[in-house]
Amino acid sequence: MEIIIQPTDEAASSIAARLIARLLRDKPSAVLGLATGNTPRMLYRELARMSLDWSKVRTFDLDEYVGLPPEHPASYRQFMWENLFRYVNIAPANIHVPDGMTKDIPGFCARYEGAIRAAGNIDLQVLGIGRDGHIGFNEPTSSLASRTRIKTLTAQTRRDNAKFFDSEANVPHHVITMGIGTIMESRQIMLLAFGEQKAHAVAHAVEGPVTAMCPASVLQLHPVVKIFLDEAAASRLTKVDYYRWVYDNKPDWQKF
Ligand code: F6R
């Protein structure tokens, strides 16, 4: 795991954006796994500002609420359109977001997994993290080998996400999410976390034991993970000085 601590969320997002830009230049048909929520907004704004060619890029979103039509303002398909896709030349056929309105959830999930495989698997997966350590919507106690499926949100996650809805009562209880096993098959992973409210989950994920009680801790088992933090999100880590030294003293060929 590589821990990159920056003074602000903006600085961290800008480095993350540069890495994605480099991937899209090296591999124009790259397959990106994408997260929604507050955290990646700045990353997407930065990517939209760069003049990158998205015409061959394929994307797979992590998750979607069950029961929300794509045009609902809080749906993740809508989020992706508003925050990224409307600004870049991505082909609509290359965009994949779980269908929250499907009548056959298990069948849809199996097809979503098949589509990821058919695309050659995800080159780079972008993740946020929940306050309880969830990645995608794999809540604590999710199987670390899980695949795309329906999950039930915890009360805390529904409260945290109420900001995107008129009221907490309107936050769906169910979501379709890529599984932890699905996420772990990505060739590389970047997780972004900003703000003091994420510090506890980040400390567990990075320095705690690997446990389904903190799904993000499974990333310790992935060979290519970068964790982008602002100072507040890094505030509960014990080896901060080491992480900073490593980042500041990279050999030239490793710098980004
Ligand atoms: C969203 C997702 C979630 C969020 C997490 C943090 O697609 O997969 O895991 O990344 O809930 O949400 P924010 O960024 O709103 O704090």
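Just follow the structure's listing: the first ligand is 1, and inside any ligand the first atom is 1.
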Enquirer: In plain terms, say whether Arg244 and Glu231 are close enough for a salt bridge, that is, a side-chain N and a carboxylate O under 4.0 Å apart.
Expert: yes

Enquirer: Nearest protein heavy atom to atom 14 (O) of ligand 1, by residue and atom, and its distance?
Expert: Thr39 OG1, 2.4 Å

Enquirer: Would you kindly specify which portion of Thr36 sits under 4.0 Å from ligand 1, judged on non-hydrogen atoms: side chain, backbone, both or neither?
Expert: both

Enquirer: Nearest protein heavy-atom contact for atom 10 (O) of ligand 1: which residue, which atom, what distance?
Expert: Gly128 CA, 3.3 Å

Enquirer: Which protein non-hydrogen atom lies closest to atom 6 (C) of ligand 1, naming both residue and atom, and how far is it?
Expert: Ile129 O, 3.4 Å

Enquirer: For Leu62, take its heavy atoms, then give the atoms of ligand 1 lying under 4.0 Å from any of them.
Expert: 8 (O)

Enquirer: For atom 16 (O) of ligand 1, what is the nearest protein heavy atom, given as residue, atom name and distance?
Expert: Lys198 NZ, 2.7 Å

Enquirer: Salt bridge or not between Arg77 and Glu82? Use side-chain N to carboxylate O under 4.0 Å.
Expert: no

Enquirer: Any chance NZ of Lys163 has more than 12 other-residue heavy atoms, nucleotides or ligands included, within less than 6.0 Å?
Expert: yes

Enquirer: Just heavy atoms, cut-off under 4.0 Å: does Asp63 contact ligand 1 by side chain, backbone, both, or neither?
Expert: side chain

Enquirer: Could you check whether atom CG of Asn249 has more than 12 heavy atoms from other residues, nucleotides or ligands sitting under 6.0 Å from it?
Expert: yes

Enquirer: Does any N or O of ligand 1 fall below 3.5 Å from an N or O anywhere on Asn38, backbone included?
Expert: yes

Enquirer: In terms of residue, atom name and distance, what is the protein heavy atom nearest to atom 5 (C) of ligand 1?
Expert: His134 NE2, 3.4 Å

Enquirer: Any idea which heavy atoms bring Phe79 and Thr36 closest together, and the distance?
Expert: CD2-CG2, 3.4 Å

Enquirer: The criterion is side-chain hydrogen bond (donor to acceptor under 3.5 Å, both in side chains); which residues satisfy it with Lys250, sequence neighbours excluded?
Expert: Glu2

Enquirer: Suppose we measure from atom 3 (C) of ligand 1 to each protein heavy atom; which comes out shortest, and what is that distance?
Expert: Gly136 O, 3.5 Å

Enquirer: Give a yes or no on whether Phe256 atom CZ has more than 12 heavy-atom contacts from other residues, nucleotides or ligands under 6.0 Å away.
Expert: yes

Enquirer: Determine, using ring centers only, whether Phe165 and Tyr65 are less than 6.0 Å apart.
Expert: yes

Enquirer: Classify the contact between Leu127 and ligand 1 as side chain, backbone, both or neither, using a heavy-atom distance cut-off of under 4.0 Å.
Expert: neither

